[in-house]
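Taking it in order: structure first as structure tokens, then the write-up.
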Amino acid sequence: MLTDSGIVDRLRASSTEFRELEESHHKLDAELGALQKRHFLTPQEELLKKQIQKEKLAKKDKMAEMIRTWRDHELQAAPQ
């Protein structure tokens, strides 16, 4: 049975959607990091920060769902 990192490697190789989610997650992480370095945020920037955090979490959840689906598929395909 594959580890999560092995599954992630296979998903990267086979799924454009997974690669796009991962890339988008990294971009959002960079944007969030830039906002968090600032000492003062305007109300609009605070809202943007919350929106980025929410989007980041949604993408991470979708990637985790894809990993679980792949793992479940592998378990069902494995001979008993």
Side-chain angles (χ1 to χ4, degrees):
M1 184 156 97
L2 289 172
T3 63
D4 281 353
S5 64
I7 293 170
V8 168
D9 291 340
R10 287 196 177 184
L11 280 169
R12 279 185 193 125
S14 66
S15 174
T16 304
E17 179 185 10
F18 188 84
R19 286 190 307 269
E20 289 172 354
L21 283 168
E22 195 172 41
E23 183 179 318
S24 178
H25 184 270
H26 289 304
K27 286 180 183 179
L28 289 171
D29 198 33
E31 288 179 35
L32 187 58
L35 280 173
Q36 289 176 334
K37 287 181 182 178
R38 300 181 63 187
H39 294 287
F40 175 77
L41 296 177
T42 66
Q44 293 83 5
E45 291 169 330
E46 286 287 348
L47 289 174
L48 178 61
K49 179 181 167 185
K50 289 187 186 307
Q51 180 184 7
I52 290 171
Q53 289 171 328
K54 189 175 181 179
E55 286 179 43
K56 230 180 97 175
L57 184 58
K59 290 180 187 310
K60 186 174 181 178
D61 286 347
K62 179 64 177 168
M63 288 187 293
E65 179 185 334
M66 291 175 79
I67 291 168
R68 279 191 306 274
T69 300
W70 184 282
R71 186 183 310 118
D72 292 346
H73 176 70
E74 289 293 313
L75 286 174
Q76 291 174 359
Q80 298 284 329

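Quick note: residue numbers are just sequence positions, from 1.
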Distance from [X] atom [atom1] to [Y] atom [atom2], nearest 0.5 Å?
X     : Y     : atom1 : atom2 : value
Arg19 : Ser14 : CZ    : OG    : 8.0 Å
Leu57 : Leu28 : CG    : CG    : 11.5 Å
His26 : Glu23 : NE2   : CD    : 9.0 Å
Glu31 : Gln53 : CD    : CD    : 12.5 Å
Ile7  : His73 : CD1   : NE2   : 11.5 Å
Arg38 : Lys49 : CZ    : NZ    : 11.5 Å

> With Glu22, which of Lys59, Lys62, Arg12, Lys27 fulfils salt bridge (charged side-chain N to carboxylate O under 4.0 Å, His left out)?
Replying inline: Arg12
>> Less than 4.5 Å apart, side chain to side chain, heavy atoms only: is that true for Arg71 and Arg68?
In response: yes
>> For a 4.5 angstrom cut-off between non-hydrogen side-chain atoms, does Met66 reach Leu21?
In response: yes
>> A quick test of your reading: do over 12 heavy atoms of other residues, nucleotides or ligands sit less than 6.0 Å from NZ of Lys56?
In response: yes
>> Is there a path of hydrophobic side-chain contacts, each under 4.5 Å between heavy atoms of I/L/V/M/F/W/Y residues, joining Ile52 to Leu47?
In response: no
>> I need the minimum non-hydrogen distance between Leu35 and Leu41, along with the two atoms involved.
In response: O-CD2, 3.7 Å
> Can any side-chain N or O of Thr69 pair as donor or acceptor with the backbone N or O of Glu65 at less than 3.5 Å?
Replying inline: yes
